[in-house]
Amino acid sequence: MKRILVVEDEPQITSFLKRGLTYKGFDVLVASTGEQALRTVREHSPDLVLLDIVLPNINGFEVCRCLRTDGHQELPILMLTAKDELSDKIIGLDSGADDYITKPFVLR
């Protein structure tokens with residue numbers, strides 16, 4: 001079973017994603033802070049990270065950079081965020097994200 005780490009500090013969005021991804025057959029891990037995300041990747045080796053940008057303490061851009069410099073170059077990272085400015089998308093992709101998806105989104 002593929003494991004997805006959802007890094008999101010909004011409980012309603014986290015719940016929605018976890019429910020939908022679990023229904024689709026994924027094992028879903030959750031982190032609500034950047035520190036939790038980094039620790040969870042080290043401890044559980046997810047197959048994919050869905051990463052919000054606006055997080056407590058360490059933002060998603062920095063989490064992404066840390067993962068890439070810590071040797072997780074092959075780990076797919078998708079930014080999933082409400083920040084929809086072109087400059088944010090460029091920063092996200094430059095920080096190492098594989099793709100950038102803006103909220104609202106359709107799970108399907």
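Predicted model, so just to flag it, every value in this text is computed and none were measured.
Hydrophobic cluster membership for Leu86: Ile90 (Ile, Leu, Val, Met, Phe, Trp, Tyr linked by side-chain heavy atoms under 4.5 Å, directly or transitively).
For Ser15, the side chain to side chain donor-acceptor pair (under 3.5 Å) partners two or more places apart in sequence, or in a different chain, are Arg19. With sequence neighbours left out, Ser45 forms a side-chain contact (heavy atoms from CB on, under 4.5 Å) with no residue at all. A search for side chain to side chain donor-acceptor pair (under 3.5 Å) contacts involving Ser32 returns Gln36, not counting sequence neighbours. Partners of Arg3 by salt bridge (charged side-chain N to carboxylate O under 4.0 Å, His left out), not counting sequence neighbours, listed by chain and number: Asp27.
Grouping the Ile, Leu, Val, Met, Phe, Trp and Tyr side chains by contacts below 4.5 angstrom, directly or via other members, places Val7 with Leu38. Residues Leu78 and Leu21 share a single hydrophobic cluster, defined by chaining ILVMFWY side chains whose heavy atoms lie under 4.5 Å apart. Note: the hydrophobic cluster containing Met79 does not contain Leu48 (ILVMFWY, side chain heavy atoms under 4.5 Å, direct or indirect links). Linking ILVMFWY side-chain heavy atoms closer than 4.5 Å, directly or via other members, places Val6 and Val41 in two distinct hydrophobic clusters.
Applying the salt bridge (Lys or Arg N to Asp or Glu O under 4.0 Å) rule to pairs touching residues 29-42 yields nothing, sequence neighbours excluded. For residues 4-14, the side-chain hydrogen bond (donor to acceptor under 3.5 Å, both in side chains) pairs, not counting sequence neighbours, are Glu8-Lys103.
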message: Show, in sequence, the C-alpha distance, side-chain angles and deciding distance for Asp88 and Tyr100, and conclude whether the side chain to side chain contact (heavy atoms under 4.5 Å, CB included) test is met.
response: CA-CA 9 Å; Asp88 293 316; Tyr100 194 104; 3.3 Å; yes

- prompt: Passes side chain to side chain contact (heavy atoms under 4.5 Å, CB included), Leu17 versus Leu80? Steps please.
  reply: CA-CA 11 Å; Leu17 286 168; Leu80 182 59; 3.7 Å; yes

message: Would Leu51 and Val49 count as a side chain to side chain contact (heavy atoms under 4.5 Å, CB included) here? Give the steps.
response: CA-CA 6 Å; Leu51 179 60; Val49 176; 4.0 Å; yes

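Taking CD1 from Ile77 and CG from Leu93, the interatomic distance works out to 11.5 Å, rounded to the nearest 0.5 Å. Residue Ile91 holds its CD1 atom at 8.0 Å from NZ of Lys83, rounded to the nearest 0.5 Å. Distance check, rounded to the nearest 0.5 Å: CD1 of Ile101 to CG of Leu50 gives 7.0 Å.
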Tabulate below the donor-acceptor pairs under 3.5 Å that side-chain atoms of residues 53-72 make, not counting sequence neighbours, or state none.
unit_1: Asn59; atom_1: OD1; unit_2: Phe61; atom_2: N; d: 2.9
unit_1: Asn59; atom_1: OD1; unit_2: Glu62; atom_2: N; d: 2.9
unit_1: Glu62; atom_1: OE1; unit_2: Arg65; atom_2: NE; d: 3.3
unit_1: Glu62; atom_1: OE1; unit_2: Arg65; atom_2: NH2; d: 3.4
unit_1: Arg68; atom_1: NE; unit_2: Gly96; atom_2: O; d: 2.9
unit_1: Arg68; atom_1: NH1; unit_2: His72; atom_2: O; d: 2.6
unit_1: Arg68; atom_1: NH1; unit_2: Gln73; atom_2: O; d: 3.4
unit_1: Arg68; atom_1: NH1; unit_2: Leu75; atom_2: O; d: 2.7
unit_1: Arg68; atom_1: NH2; unit_2: Leu75; atom_2: O; d: 3.1
unit_1: Arg68; atom_1: NH2; unit_2: Gly96; atom_2: O; d: 2.9
unit_1: Arg68; atom_1: NH2; unit_2: Asp98; atom_2: OD2; d: 2.8
unit_1: Thr69; atom_1: OG1; unit_2: Arg65; atom_2: O; d: 3.1
unit_1: Thr69; atom_1: OG1; unit_2: Cys66; atom_2: O; d: 3.1

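Contact between Lys18 and Val30 at its shortest, heavy atoms only, is CD-CG2, 4.0 Å.
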